[in-house]
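Notes follow the structure.
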Amino acid sequence: MEGRVKRVITTAAVFAAAVLLASGCSAGSGGDSDSSGFEFWSFTGINQKADVEAYTKAHPDARVKLTEVGSTTETAQALTAALAGGKVPDLVLIQGDDLPKFMQSPENFVDLSTLGADKMKGDYLDWVMKQSTTGDGKIVGIPTDVGGMAIAYRTDLFKAAGLPTDRDQVSKLWPTWDAFAEVGKQYVQATGKPFLDNTPTSIFFQAVNQGTERYYDADHKLSYDRNPQVKAAFDLTLKIFATGISGKQTSFSTGWTAAMSKGDFAVVSAPAWMLGSIRTNAPDTAGKWDIATIPGGSGNWGGSYLAIPKRAKNPKAAWNYIAEMQSPAGQLANFLSKGNLPTTPSVYTDPQLVGRAEPFFSNAPIGKIYTQSVLNIKPFYIGPDDATIGSELLNTLTSVEQGKVDPANAWDTALTNVKNALRG
């Protein structure tokens, strides 16, 4: 889903939480306490409104009060405040990297196996379901999607630069990230324009999610500061930034959206959920994009879960929504309408998914591209501080692009920032 780039928690997150707690945005407020009504908190940028509309169209008696809280970080912060303050939604969408924090206190949530999740858990990818299941078998959340990775590129801009435009030929140009950088240098030399939007998200956040270990080791101990895979992804990002191919446009910023529409960069990271963001932010570029395999061939960035807080006023109505919308059929429908990659492998061979050609992206076979990306990964453990660590590493690299941090000091600065954030 969109909006997976993490942000440091600011006063905006605290404000969002305060507003939700002080307003009627809580379970049991307004007219949402009837048998079919429930309150739903989501983060922004993923068009959750479309899912709610589809559900209420199929169930005219259902009343769903959707609140888009803010970014993924702000939504997690608001939920934390709500759990502490006693007023909670009936249903909440939690971004995958934020989930481990909440898994530390599973008693704050309904054990979904008591509502029927125990009969559904086999429908989902094992490694995804494992992250929302406690050691004693309680199920805190049902996964909504995974973020198989790829590269989106502008065929018209590639053609103008004298580069191949066919997706298979383009994929062969960059079997590695170093080869990707070389293509970028060719593009810049031919056009005088940036090749990609930025390096923190399009390089670091993709490369760091391709490893076998990220910020925690196999024993679930923090390892971000000694894991060579994290350091390699960080150094790779600095190395590619130094080539001069970055447009320095921070992902999801106003400038990034404008630059995407104007064709100010030719390449952007494209985990499955990013496709909807590209369509929304640059609608006039339909048919000018295509999708190529990511350097390295596979990886996962993102994914979310639906959970029901323990003090929800209408958990049954919330569960009915989960059971229908996140069933294999429901996730397939979501993929066909929005491009979110299902977590239900039974549909990976469905002709509708396998045969899905996306017109906006030059009829790219997105079903094939993204399922191959996640089927080949080796999942790593995601711990309670993953979101914080990822934010600080990303923010430091963003500061490098903005000229605020010397690349030579970036790694030490990042480690200091992470340690300070973890202490806070």
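Residues: numbered from 1 along the sequence shown.
Checked for salt-bridge contact, Asp386 and Arg214 meet the test: a charged N lies under 4.0 Å from a carboxylate O.
Ring pair Phe158/Tyr187 is tilted by interplanar angle, where 30° to 60° counts as tilted.
In this structure, Trp289 has its ring center at least 6.0 angstrom away from the ring center of Tyr153. Ring pair Phe265/Phe195: centre-to-centre distance not below 6.0 Å.
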- request: Check the pair Tyr216 / Tyr224 against ring-ring contact (aromatic ring centres under 6.0 Å, His included), numbers first and verdict last.
  value: CA-CA 6 Å; Tyr216 288 76; Tyr224 67 92; 8.5 Å; no
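With contacts defined as side-chain heavy-atom distances shorter than 4.5 Å, the pair Ile294/Trp177 qualifies.
The line from CG of Asp350 to OG1 of Thr371 is 11.5 Å long, rounded to the nearest 0.5 Å.
There is no side-chain donor-acceptor pair under 3.5 Å between Ser277 and Trp273. No side-chain donor from either of Thr75 and Gln95 sits under 3.5 Å from a side-chain acceptor of the other. Using modelled atom types and a 3.5 Å distance limit, the side chains of Thr212 and Gln229 yield a donor-acceptor pair.
No option in Tyr381, Phe380, Tyr215 other than Tyr381 meets the ring pair (Phe, Tyr, Trp, His ring centres under 6.0 Å) test with His220. Looking at Thr398, Thr257, Thr201 one by one, the single match for side-chain hydrogen bond (donor to acceptor under 3.5 Å, both in side chains) with Ser251 turns out to be Thr201.
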